[in-house]
Amino acid sequence: MDTNIKSTVLEVSSDIFSGESVVPAENDLIVPDNMPDILSILQISANCAISACDAQNDRILLTGNVFFNILYLADTPRREVKAINTKAVFSNIFSAPGVNENLPVSSKAVVSGVSFKLANCRKLAVHADVLGSVSVSGNSQLSIPTEIEGAEILTSPLTCSVIKARGTAQETVTDSFELPASKVQIAEILRDEVRLSDKAVKVIHNKAIVKGSVTVTVLYSSEAGIEQAKTDIPFTKVVNVEGLEDSMDVDCTIDIQGWETALSADENGEQRVIDVETMLYFSVIGRETDTCSAITDAYLPGGRLDCDRSGLSLTTPPISDVEECAVKGSVRVPSDQGDIESVLDIKGCPRIIRVSREESELIIEGVVTISLLFRTNNPETPVGSFSSDVDFRHSLNGENFAILPMAEADLKHMNCSIGSGNTIEIRGLATVTLTSSAPLERSVITAVRVGEEEKREAPSILISYIAGDRSLWDIAKKYNISRAKLMAANDISSEDELKTRKALVIPR
């Protein structure tokens with residue numbers, strides 16, 4: 001028996017591999033000869049940058065660097081604060097069956113923990129745990145039957161987000177800024193930090209124009225003591241992306257791969273100018289939504305259909321939202337460090353603890369690890385440091401998220417004030433990015449073969465008694481007749497009328 005079968009080609013983007021691993025990075029450090037001995041370690045901070053992420057046959061190689069900054073109290077009569085910078089390499093091989101060197105890889109790395117061991121006043125070992133994650137996705141095409149002539153069919157809409165364009169680029173942003181006239185010249189840069197503070201993307205044919213700024217914060221020493229300077233440096237980068245159109249949904253990520261700061265002299269010959277060089281890596285992905293009506297069940301009245309089924313795992317178009325969360329709390333510094341006279345520097349590292357749902361609300365719970373550097377009235381340790389956690393909680397309407405979203409936190413700004421009894425009052429604002437891309441599992445018919453129905457003896461009158469929650473589709477399919485014929489024989493116009501019936505006449 002011949003019948004006409006129409007199909008459509010559905011393009012699908014799916015994850016081929018994803019994985020994450022904690023990778024160590026460590027180094028042994030000797031204090032340079034021109035620097036004083038270590039009396040005590042004040043703070044150790046670390047940032048990491050990926051240098052390469054290469055897909056190979058059945059594996060992915062991730063490598064990068066961790067940049068350590070060590071602030072210590074010098075064992076000198078003046079107890080100055082000194083800084084040492086060093087770096088360590090991290091590397092990891094992910095076993096990734098099915099991956100080959102022609103596939104693009106997305107990667108991310110963050111420092112999840114820092115520790116140190118002080119061997120003596122001239123030697124210490126630093127260690128960082130790097131959480132590295134990689135993912136590989138690819139496109140494939142599926143031929144999906146959508147119509148079968150003469151057959152009864154059930155269909156379901158399939159909607160998936162398909163990657164249509166990718167592009168990457170690198171850019172080095174350079175700039176300089178000068179201290180205000182009220183500040184004395186810089187003796188030494190103790191610590192520098194660069195973070196992305198703004199981003200906007202405009203798309204034209206085959207190009208993504210990315211505008212933003214990086215915030216540069218420098219902690220330095222001078223004759224006036226330890227001070228801080230901050231500035232925003234704007235940038236614009238055109239990323240060439242073949243096939244990118246403004247009608248697409250566009251994701252742009254910017255990774256800071258590293259930075260350098262240096263001192264230079266102003267027109268009066270004083271070291272009041274800070275030169276900054278920042279290395280940025282841009283990744284742009286353009287997505288389109290592809291939709292078709294796939295057949296989930298079918299039968300052929302008066303004939304036989306042999307159907308091949310396949311389970312599809314699709315990715316729905318991502319849903320994202322950015323929320324601002326207030327951070328407020330207090331930190332009490334132990335009294336054995338002396339009374340706090342002033343806060344020299346405050347840093348915050350936020351992380352999400354959990355995302356949960358309470359009825360229609362999403363609840364975001366997190367913590368910000370606060371690191372303080374402060375001046376005390378103790379001449380033996382005139383500068384002290386302390387770390388503590390401040391919790392934050394935020395709720396929002398979660399109706400847009402069918403499943404619990406992934407959440408990432410960043411710190412927008414933070415400040416503090418000194419209270420009584422060595423208490424530091426913390427106030428800040430964290431931004432939380434929520435992303436949800438629900439996996440869509442569907443069992444669909446991917447191939448159909450038509451055969452002749454076996455002839456069977458049947459009574460001239462057949463009655464089907466209705467039990468359970470059987471539908472018109474279930475009954476018509478069982479007896480291999482069309483739903484229209486079944487409804488006409490029983491004078492039924494809708495599925496709801498089944499509720500009033502105890503039995504149906506099955507026409508032959």
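Below, each value reflects all heavy atoms present in this structure, side chains not excepted, and no hydrogens, waters or symmetry copies.
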**Asked** If only atom types and distance count, is the side chain of Asn85 paired as donor or acceptor with the main-chain N or O of Phe67 below 3.5 Å?
**Response** no
**Fill in**
Asn47 and Val111 have their tightest heavy-atom pair at C-CG2, 4.0 Å
**Request:** Count the heavy atoms of every other residue, nucleotide or ligand shown that sit under 6.0 Å from CE of Met35, and state whether that count exceeds 12.
**Result:** yes
**Request:** Decide yes or no for Pro405 and Leu362: does some side-chain heavy atom of the first lie under 4.5 Å from some side-chain heavy atom of the second?
**Result:** yes
**Prompt:** Rounded to the nearest 0.5 Å, what separation is found between the CG atom of Leu73 and the OG1 atom of Thr76?
**Reply:** 7.5 Å
**Message:** For the NZ atom on Lys412, are there more than 12 heavy atoms of other groups (residues, nucleotides or ligands in this structure) within a distance under 6.0 Å?
**Reply:** no
**Message:** Are Pro36 and Lys82 packed together at the side-chain level, in the sense that at least one heavy-atom pair is separated by less than 4.5 angstrom?
**Reply:** yes
**Request:** Start with the C-alpha distance between Asp232 and Ser197, add both sets of side-chain angles, then the distance that settles side chain to side chain contact (heavy atoms under 4.5 Å, CB included), and finish with yes or no.
**Result:** CA-CA 8 Å; Asp232 291 328; Ser197 55; 4.1 Å; yes
**Fill in**
What one should report as the nearest heavy-atom pair of Val99 and Ala55 is CG1-CB, 3.8 Å
**Asked** Does a donor on one side chain sit under 3.5 Å from an acceptor on the other, for Ser13 and Asn139?
**Response** yes
**Prompt:** Do the side-chain N and O atoms of Asp275 and Ser264 include a donor-acceptor pair separated by under 3.5 angstrom?
**Reply:** yes
**Request:** Mind running side chain to side chain donor-acceptor pair (under 3.5 Å) on Thr86 and Asn27 for me, showing each step along the way?
**Result:** CA-CA 8 Å; Thr86 189; Asn27 195 10; 3.0 Å; yes
**Request:** Take Leu373 and Gln43 through the test side chain to side chain contact (heavy atoms under 4.5 Å, CB included) and record every step on the way to the result.
**Result:** CA-CA 8 Å; Leu373 193 70; Gln43 287 182 350; 4.0 Å; yes
**Item:** side chain to side chain donor-acceptor pair (under 3.5 Å): pairs with one or both residues in residues 106-121, sequence neighbours excluded
**Value:** Lys108-Glu408
**Asked** Is the shortest heavy-atom distance from the side chain of Thr172 to the side chain of Glu277 under 4.5 Å?
**Response** yes
**Prompt:** Any sub-3.5 Å donor-acceptor pair from Asp266's side-chain atoms to Asn268's backbone N or O?
**Reply:** yes
**Asked** Is the closest basic N to carboxylate O distance between Glu341 and Arg375 below 4.0 Å?
**Response** no
**Fill in**
When rounded to the nearest 0.5 Å, the distance separating CD of Glu361 from CD1 of Ile364 is 11.0 Å
**Message:** Please determine whether side chain to side chain contact (heavy atoms under 4.5 Å, CB included) holds for the pair Gln337 and Thr381, giving the CA-CA distance in whole Å, both sets of side-chain angles, and the decisive distance to 0.1 Å.
**Reply:** CA-CA 8 Å; Gln337 294 208 33; Thr381 55; 5.9 Å; no
**Asked** If we only count heavy atoms from C-beta on, is the Leu196 to Phe235 side-chain gap below 4.5 Å?
**Response** yes
**Item:** Donor-acceptor under 3.5 Å (Arg357 side chain, Gly398 main chain)
**Value:** yes
**Prompt:** Is it true that a side-chain atom of Asp290 and a backbone atom of Glu11 form a donor plus acceptor pair closer than 3.5 Å?
**Reply:** yes
**Request:** Please round to the nearest 0.5 Å and tell me the distance separating atom CG of Leu434 and atom OG of Ser320.
**Result:** 9.0 Å
**Request:** Output the distance between atom CD1 (Ile370) and atom CE (Met414), rounded to the nearest 0.5 Å.
**Result:** 4.0 Å
**Asked** Under 3.5 Å, is there a donor-acceptor pair between the side chain of Ser21 and the main chain of Val23?
**Response** no
**Asked** For Asn415, does its backbone N or O pair with a side-chain atom of Glu425 as donor and acceptor, under 3.5 Å?
**Response** no
**Message:** As an exercise, state the distance from OG of Ser330 to CD1 of Ile426, rounded to the nearest 0.5 Å.
**Reply:** 8.5 Å
**Request:** Determine the minimum heavy-atom distance between Ala181 and Arg272, stating which atoms define it.
**Result:** CA-NH2, 3.3 Å
**Asked** Can you tell if the side chain of Val126 reaches within under 4.5 Å of the side chain of Val114, non-hydrogen atoms only?
**Response** no
**Asked** Would you say the side chain of Ile274 lies within less than 4.5 Å of the side chain of Ile186, judging by non-hydrogen atoms?
**Response** yes
**Check against side chain to side chain donor-acceptor pair (under 3.5 Å), Thr369 and Arg351** = CA-CA 8 Å; Thr369 299; Arg351 65 184 186 277; 3.1 Å; yes
**Asked** Shortest non-hydrogen contact from Leu219 to Leu71?
**Response** CD2-CD1, 4.1 Å
**Message:** With a 3.5 Å distance limit and no angle check, can you tell me whether Asp391 reaches the backbone of Glu365 through a side-chain donor-acceptor pair?
**Reply:** no
**Asked** Under 3.5 Å, side chain of Asn206 to main-chain N/O of Asn240, donor-acceptor pair present?
**Response** no
**Prompt:** Can any side-chain N or O of Asn69 pair as donor or acceptor with the backbone N or O of Leu190 at less than 3.5 Å?
**Reply:** yes
**Message:** Taking the side chain as everything from C-beta on, heavy atoms only, tell me whether Leu42 gets closer than 4.5 Å to Tyr72.
**Reply:** no
**Message:** Working note: Phe17 + Phe94, criterion side chain to side chain contact (heavy atoms under 4.5 Å, CB included); need CA distance, chi angles, decisive distance, verdict.
**Reply:** CA-CA 10 Å; Phe17 173 80; Phe94 293 85; 4.2 Å; yes
**Message:** Any non-hydrogen side-chain atom of Leu131 less than 4.5 Å from a side-chain atom of Glu20?
**Reply:** yes
**Request:** Could you grab the distance from atom CH2 of Trp259 to atom CE of Met279, nearest 0.5 Å is fine?
**Result:** 9.0 Å
**Message:** Looking at every non-hydrogen atom in both residues, tell me the closest pair between Ile16 and Gly138 and how far apart they are.
**Reply:** CD1-N, 3.8 Å
**Complete:** Shortest non-hydrogen pair, Arg166 vs Ile285, comes out as NH1-CD1, 3.9 Å
**Arg195 (side chain) donor-acceptor with Leu411 (main chain) under 3.5 angstrom** = yes
Report all side-chain donor-acceptor pairs from residues 250-258 shorter than 3.5 Å, counting only partners two or more places apart or in another chain.
from   : atom 1 : to     : atom 2 : distance (Å)
Asp251 : OD2    : Arg287 : NH1    : 2.2
Gln257 : OE1    : Gln170 : NE2    : 2.9
Gln257 : NE2    : Ile50  : O      : 3.2

